[in-house]
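Contents: one structure, followed by commentary.
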Amino acid sequence: MTKDINGLAPAGPFSDADRAAVYRAIRLRRDVRGQFRPDPIDPATLRRLLQAAHAAPSVGLSQPWNFILIRAPATRQRLHEAFQSANAEAAGRFPDRKALYSSLKLEGILESPLNLCITCDRSRGGAQVLGRTHDAATDLYSTACAVQNLWLAARAEGIGVGWVSIFRPDDLRAILRLPDHVVPVAYLCLGHVTELYPEPELQAKGWGQRLPLDDLIFEDSWNSPPTA
Ligand SMILES: Cc1cc2c(cc1C)N(C[C@H](O)[C@H](O)[C@H](O)COP(=O)(O)O)c1[nH]c(=O)[nH]c(=O)c1N2
């Protein structure tokens, strides 16, 4: 990219086609549980996905993430068992919808060719991090930004991503041998996909619905009426 004399790069809008591609990736990104193909993700593609994650914004440029690539079948088996145990407990938290809950597939730990845990090192950047001085959670938010970057890039690459959060955190810590200062933010299943739901799967299966955007927009304060 060319630089101007102040060291800044041009920042005009993308071309129509490029803009459409960005919005398309956002619109067509899905959480994937059951559509993974078993063929591996080639190293160059995986590298692009990790580069996309690593390009995320982070508080004070602290880049608190690490990427744990999980391929070993024995490790995945243990994680799958940890999921099953937590998921059985979770089903009991929805007594009125237990049958529907239990019918949902909520992970692809064993079917996907790659699992990836994105962690947040809460000590990264030292005791004081610019921008984190008054909100300690901002390192976790930064890590979530990395997850979303990867998720969108993966959609563009034809790689499905599924986020699995139904684990007892101590199980994840023990299996992945995480030190105390490292938080497992996202456990992801990755693999090629040829078909995706056109809408959130949880919507297609009657668990929930996307809320109308206009109901979520306030002006100036929480108590203002919706703008619509
Ligand atoms: C922090 C977090 C945690 C989870 C999820 C997402 C996020 C952001 N999602 C995926 C979630 O169900 C999904 O994103 C929504 O249903 C919307 O669907 P699409 O992502 O648009 O397909 C998810 N899905 C699932 O099957 N098992 C899970 O444990 C989780 N956990």
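Remember, it's 1-based here, ligands and their atoms both numbered in the order they're listed.
For the pair Glu201 and ligand 1, the shortest N or O to N or O distance does not fall below 3.5 Å. Remark: ligand 1 and Arg33 share an N or O pair separated by less than 3.5 Å (distance only, no angle test). Between Glu107 and ligand 1, not a single N/O pair is under 3.5 Å apart.
The closest approach between any non-hydrogen atom of Glu199 and ligand 1 is not below 4.0 Å.
Atom 23 (C) of ligand 1 is flagged as protein-proximal [any protein heavy atom, distance under 4.0 Å].
Here the rule is ring-ring contact (aromatic ring centres under 6.0 Å, His included) with Tyr187, and of Phe167, Phe83, Trp163 only Phe167 fits it.
Near Ser165, meaning under 4.0 Å from any of its heavy atoms, are these atoms of ligand 1: 3 (C), 4 (C), 28 (C), 29 (O), 30 (C), 31 (N). Applying the 4.0 Å criterion to heavy atoms of Ile166 picks out, from ligand 1, the atoms 29 (O). In the vicinity of Pro200, heavy-atom distances shorter than 4.0 Å reach the ligand 1 atoms 17 (C), 18 (O), 21 (O), 22 (O). Those atoms of ligand 1 with a heavy atom of Leu202 less than 4.0 angstrom away are 12 (O), 16 (O). Atom numbering of ligand 1 starts at 1 in the shown order; those under 4.0 Å from a heavy atom of Val164 are 28 (C), 29 (O).
Residue, atom and distance of the protein heavy atom nearest to atom 21 (O) of ligand 1 are Arg30 NH2, 2.8 Å. Protein heavy atom nearest atom 30 (C) of ligand 1, with residue, atom name and distance: Trp163 O, 2.8 Å. Protein heavy atom at the shortest distance from atom 13 (C) of ligand 1 is Asp31 CB, 3.8 Å. Scanning all protein heavy atoms for the shortest distance to atom 27 (N) of ligand 1 gives Leu106 O, 3.0 Å. The protein atom (non-hydrogen) at minimum distance from atom 20 (O) of ligand 1 is Arg29 NH1, 2.9 Å.
Salt bridge Arg37/Asp39: present, at least one basic N to carboxylate O contact under 4.0 Å. Comment: Glu157 does not engage Arg155 in a salt bridge, judged by the lack of any side-chain N to carboxylate O separation of less than 4.0 angstrom. Between Asp171 and Arg173, no side-chain nitrogen of the basic residue sits less than 4.0 Å from a carboxylate oxygen of the acidic one, so the salt-bridge criterion is not met. At a threshold of 4.0 Å, the pair Glu201-Arg30 does not count as salt-bridged, since none of the basic side-chain nitrogens sits closer than that to a carboxylate oxygen.
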Q: Could you give me the CA-CA distance, side-chain angles and deciding distance for Leu152 and Ile26, then say whether side-chain contact (heavy atoms from CB on, under 4.5 Å) is met?
A: CA-CA 6 Å; Leu152 292 171; Ile26 292 169; 4.0 Å; yes

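Other residues, nucleotides and ligands place no more than 12 heavy atoms under 6.0 Å from the NZ atom of Lys98. Sparse packing is recorded around CG of Asp180, with 12 or fewer heavy atoms of other residues, nucleotides or ligands lying under 6.0 Å away.
Residues Arg124 and Trp65 approach most closely at NH1-O, 3.2 Å, considering heavy atoms.
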